[in-house]
Colleague: 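Dropping a structure here in structure tokens format, bear with me for questions.
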Amino acid sequence: MDPLHTVLLTVGLFAFTFLSPGPNLLVVVQTSLASGRAAGAMAGLGVATGDAIYSGLGLFGMATLITAGGTLFTVIQLLGGAYLVWYGWRLLRGGSRIPDLQAVPAPRRAEAWRYFRRGLITDLANPQTVLFFASIFSVTLRPDTPAWAKLAAWLGLVGASVLWRVLLCQVFSRAAMRRIYTRCQRALECLAGVGLALFGLRLVYEGWARR
């Protein structure tokens with residue numbers, strides 16, 4: 001396969017996953033609605049960083065080290081799942097109020113790190129993601145694929161992840177969307193909380209079953 005086609009196919013297969021809602025989508029959308037564009041962007045960058053880490057591990061053949069290690073895979077599942085359950089429970093408890101629509105301040109450094117960490121942990125919580133990336137590479141890359149094409153594929157994956165999350169936070173931090181969110185805040189928070197908590201419980205169950 002032509003190296004350029006290899007890069008485009010790799011990024012294209014990854015982009016198809018954007019159509020499937022999951023915890024990464026939920027965390028960026030909910031953060032953008034509740035705390036504004038800058039906060040949503042930081043959460044999105046955290047998710048994209050997680051994608052960069054896991055796709056890098058898959059690209060360089062280190063996915064087997066994670067899965068074969070057993071204990072490491074299980075610990076990631078248990079801790080990541082517990083975090084998602086905790087965060088989902090916080091959303092279900094509610095009590096938060098979104099900032100004023102007319103003046104949403106940029107998050108301070110500590111707050112920005114908290115949003116970034118939220119996105120990063122949400123993405124890293126599911127270690128099976130590294131297997132997903134490894135499966136993509138097994139289809140699109142071959143032993144004779146040049147190094148520059150592998151690097152370009154990785155950069156394309158990371159770039160697509162960043163662009164998609166930036167688009168999400170731009171759309172869901174708009175005044176019209178936030179007005180809708182204001183009227184439906186509790187229902188939407190509960191929906192996001194249930195989704196994240198259920199995903200976390202599944203990870204905890206799978207991790208516990210692997211023991």
Side-chain angles (χ1 to χ4, degrees), residues 1-32 37 40-70 72-73 76-77 80-81 84 115-173 195-196 198-200 202-203 206-207 210:
M1 184 184 298
D2 179 76
L4 181 58
H5 290 165
T6 295
V7 173
L8 295 177
L9 179 60
T10 301
V11 177
L13 288 175
F14 173 60
F16 273 120
T17 65
F18 298 158
L19 303 177
S20 176
N24 291 341
L25 177 71
L26 283 176
V27 75
V28 176
V29 169
Q30 195 278 330
T31 302
S32 300
R37 183 172 60 235
M42 290 304 299
L45 288 176
V47 171
T49 300
D51 285 342
I53 293 171
Y54 274 152
S55 61
L57 291 174
L59 179 63
F60 294 106
M62 298 180 67
T64 53
L65 294 180
I66 292 180
T67 55
L72 176 59
F73 193 89
I76 294 174
Q77 282 192 310
L84 291 181
Y115 296 129
F116 177 86
R117 183 180 59 197
R118 178 186 298 172
L120 177 63
I121 295 177
T122 300
D123 189 80
L124 295 180
N126 184 11
Q128 292 177 347
T129 303
V130 73
L131 300 180
F132 163 75
F133 283 115
S135 66
I136 288 182
F137 295 138
S138 69
V139 172
T140 61
L141 303 181
R142 300 188 308 184
D144 60 346
T145 301
W148 70 263
K150 294 180 180 180
L151 178 60
W154 181 77
L155 291 174
L157 290 175
V158 176
S161 182
V162 171
L163 288 175
W164 173 240
R165 271 80 200 197
V166 168
L167 176 62
L168 285 176
C169 72
Q170 289 286 342
V171 170
F172 287 95
S173 63
L196 290 170
L198 287 177
F199 187 80
R202 193 188 81 179
L203 288 177
E206 291 176 353
R210 286 173 61 91

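Atom set for the values below is all heavy atoms of this structure, side chains included, hydrogens, waters and symmetry mates excluded. For this chain, numbers begin at 1 and follow the sequence in order.
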Colleague: Would you give the length of the straight line joining atom CZ of F133 to atom CD1 of I53, rounded to the nearest 0.5 angstrom?
Modeller: 11.0 Å
Colleague: Less than 4.0 Å between a side-chain N and a carboxylate O, is that true for R165 and D51?
Modeller: yes
Colleague: Which heavy atom of S32 sits nearest to which heavy atom of G40, and what is that distance?
Modeller: OG-CA, 3.3 Å
Colleague: For the atom pair CG (L151) and OG1 (T145), what is the distance rounded to the nearest 0.5 Å?
Modeller: 13.0 Å
Colleague: If only atom types and distance count, is the side chain of T31 paired as donor or acceptor with the main-chain N or O of V27 below 3.5 Å?
Modeller: yes
Colleague: How close do V11 and A153 get, heavy atom to heavy atom, and via which atoms?
Modeller: CG2-O, 4.1 Å
Colleague: Might you point out which heavy atoms bring L4 and W148 nearest each other, and give the distance in Å?
Modeller: N-CH2, 4.4 Å
Colleague: Measure the spacing between CZ of F172 and CG of L167 and express it to the nearest 0.5 Å.
Modeller: 9.0 Å
Colleague: So which heavy atom on S161 is nearest to which on A48, and how close?
Modeller: OG-CA, 3.3 Å
Colleague: Could you report the tightest heavy-atom contact between L124 and Y54, atom names first, then the distance?
Modeller: O-OH, 2.9 Å
Colleague: Show the nearest heavy-atom pair for residues S55 and L157, with the distance to one decimal.
Modeller: CB-CD1, 3.9 Å
Colleague: Any non-hydrogen side-chain atom of N24 less than 4.5 Å from a side-chain atom of W164?
Modeller: no
